Amino acid sequence: MMVFTTIAIADEHFPLSGQINHGPVNVRSGANTNFEIVSKLSQGEKIVVLGKSYEWYKIQLPLRSNAFIRADYIKEMGDHGGEIVGSKVNIRSKPDSNASVLGQLSKGDVVKLTQKANDWWQIQPPSGTVAWVHSSFVDLSNVPVPDDALRKPLKAEDMIAPLPKIVKPVTPAFHARGTLKLLAENVLSHVHYKIVAEGQTICYVEDADNLVKFNNVMVSVEGIKDETAGLLSAPVIVIHKIAIVL
């Protein structure tokens, strides 16, 4: 009688979450021990399993793995970014045209550059770069692959640091009540009135239409401070509303 000691994930619908059950384990460029070792994983590490070939799982290439592209296939852009300028450009495990191919990129694809090695750029492994681990070292899980675990293609805007947002300070409204008086002498070319209360200058008032009819009248004004008006003994106000106080 045959007894099965493990239960397989039904139909193994990829991608699936996985965990290394024994390590360190070699991560290879192909589904065979003859292929190059491109990285290692420790016991307990989480992986994204993308498929299976016989006894080997195809996994998303770990971020710490080496990945290289010939420099003449990359146009530098933005903040450590590069745009692929060739078609069907191979991503290799070493800065060598004979090294194992880990994936392929198309013209216009965007990659993150880490450092330059002679005529090659080392890049952060992008979406579509894969490697292989023997299935005996992997425990699969029914837990869905988290959105942030499955690498997505980069966009040009991902490589350009956004400009800091400049928040223009909101000038608070200014309210005053007093007598509008014509200035004896000019303090600024566009200021000829002030508001006085109990013998004190509350504010100066920028010139506006029909101010003359409020001269020597008790008024209530609303407006905002003119922050560009310079240093005076009282603020300069741009009036939005003026009314006679009865």
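As the structure is a prediction and not an experimental result, all values here were calculated from the model.
In this structure the side chain of Pro235 never reaches within 4.5 angstrom of the side chain of Tyr204, judged on heavy atoms. Residues Leu41 and Pro62 have side chains in contact (heavy-atom distance under 4.5 Å, counting atoms from C-beta outward). Asn26 places none of its side-chain heavy atoms less than 4.5 Å from the side chain of Thr33. Leu113 is not listed as a side-chain neighbour of Gln115, based on a closest heavy-atom distance of 4.5 Å or more. Side-chain contact check for Tyr54 versus Ser135: every heavy-atom pair is 4.5 Å or farther apart. Looking at Leu102 and Ser29, their side chains come closer than 4.5 Å, going by heavy atoms from C-beta outward. Looking only at side-chain heavy atoms (C-beta outward), Val191 and Leu232 stay at 4.5 Å or farther from each other. Counting only heavy atoms from C-beta outward, the side chains of Val89 and Ile74 never approach each other to under 4.5 Å.
In this structure, CZ in Phe14 is found 12.5 Å from CD1 in Ile59, a value given to the nearest 0.5 Å. To the nearest 0.5 Å, the span separating OG on Ser87 from OH on Tyr73 amounts to 8.0 Å. If you take CD on Gln200 and CD1 on Ile195, they are separated by 14.5 Å, rounding to the nearest 0.5 Å. With rounding to the nearest 0.5 Å, the separation of OG in Ser141 from CD1 in Ile47 is 11.5 Å. One distance of note links CD of Gln124 with CG of Leu61; it measures 10.5 Å at 0.5 Å rounding. Atom CG in Leu63 sits 4.0 Å away from atom CZ in Arg151 (nearest 0.5 Å).
Arg64 and Glu45 are joined by a salt bridge, as a carboxylate oxygen and a charged side-chain nitrogen come within less than 4.0 angstrom of each other.
When every heavy atom of Ser17 is checked against every heavy atom of Pro146, the shortest pair comes out as OG-CD, 4.1 Å. Smallest separation of non-hydrogen atoms from Ser136 and Asn21: O-ND2, 3.2 Å. Of all non-hydrogen atoms in Val110 and Ala156, the two that sit nearest each other are CG2-N, 3.9 Å. Shortest non-hydrogen contact noted between Ala131 and Val38 is CB-CG2, 4.1 Å. Across all their heavy atoms, Trp120 and Lys94 have their closest contact at CZ3-O, 4.3 Å. Across every non-hydrogen atom of Phe214 and Val219, the tightest pair is CD2-CG1, 3.9 Å.
Transitive grouping of hydrophobic side chains (ILVMFWY, heavy atoms separated by less than 4.5 Å) brings Ile242 and Tyr193 into a common cluster. Connection of Val25 to Trp132 is not established within any shared hydrophobic cluster, with ILVMFWY side chains joined at heavy-atom distances below 4.5 Å, either directly or through further cluster members. Cluster membership check: Leu183 shares its hydrophobic cluster with Val236, using side-chain heavy-atom separations under 4.5 Å among Ile, Leu, Val, Met, Phe, Trp and Tyr. Follow the hydrophobic side-chain contacts under 4.5 Å out from Val27 and you reach Leu16 in the same cluster. By the criterion of side-chain heavy atoms lying less than 4.5 angstrom apart, applied directly or through intervening Ile, Leu, Val, Met, Phe, Trp or Tyr residues, Val49 is not grouped with Val145; the two fall into different hydrophobic clusters.
For Lys152 (side chain) and Asp147 (main-chain N/O), a donor-acceptor pair under 3.5 Å exists by modelled atom type. Of the possible donor and acceptor atoms, none in the side chain of Arg92 sits under 3.5 Å from a partner among the backbone N and O of Phe68. Counting only distance, with no hydrogens or angles, the side chain of Asn215 and the backbone of Val212 share no donor-acceptor pair below 3.5 Å. In terms of modelled atom types and a separation under 3.5 Å, the side chain of Asn66 and the main chain of Ser93 share no donor-acceptor contact. Distance alone, capped at 3.5 Å, places no donor-acceptor pair between the Asp226 side chain and the Glu206 backbone. At distances below 3.5 Å, at least one donor-acceptor pair connects side-chain atoms of Gln60 with backbone N or O atoms of Ala149. Put simply, the side chain of Arg70 never gets that close to the backbone of Pro95: no donor and acceptor are under 3.5 Å apart. Formation of a donor-acceptor pair under 3.5 Å by the Arg177 side chain with backbone atoms of Ser220 is not found in this model. Put simply, the side chain of Ser39 never gets that close to the backbone of Ser65: no donor and acceptor are under 3.5 Å apart.
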Could you walk me through whether Thr114 and Ile123 pass the side-chain contact (heavy atoms from CB on, under 4.5 Å) test, one step at a time?
CA-CA 5 Å; Thr114 56; Ile123 65 171; 5.6 Å; no
As a quick check of understanding, evaluate side-chain contact (heavy atoms from CB on, under 4.5 Å) for Val196 and Ile202, giving each step before the final call.
CA-CA 6 Å; Val196 178; Ile202 303 300; over 6 Å; no
For a side-chain contact (heavy atoms from CB on, under 4.5 Å) check, start with the C-alpha distance between Leu211 and Leu180, then their side-chain angles and the critical distance, and finish with the verdict.
CA-CA 9 Å; Leu211 275 183; Leu180 186 71; 4.1 Å; yes
Would Glu222 and Ile239 count as a side-chain contact (heavy atoms from CB on, under 4.5 Å) if you check the C-alpha gap in whole Å, the side-chain angles of each, and the deciding distance to 0.1 Å?
CA-CA 6 Å; Glu222 295 179 14; Ile239 288 181; over 6 Å; no
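The 12-atom threshold is not exceeded at NZ of Lys225, counting heavy atoms of other residues, nucleotides or ligands nearer than 6.0 Å. Counting non-hydrogen atoms of other residues, nucleotides and ligands closer than 6.0 Å to NE2 of His192 gives a total above 12. For Asn118, the CG atom counts as loosely surrounded, since its 6.0 Å shell holds 12 or fewer non-hydrogen atoms of other residues, nucleotides or ligands.
A donor atom on one side chain and an acceptor atom on the other are not found under 3.5 Å apart for Gln19 and Asp139. For the residue pair Ser100/Glu36, the side-chain donor-acceptor check at 3.5 Å is satisfied. The closest side-chain donor-acceptor pair between His190 and Asp207, if any, does not fall under 3.5 angstrom.
His22 and Phe137 have parallel rings, their planes meeting at less than 30° on a 0 to 90° scale where 60° marks the start of perpendicular.
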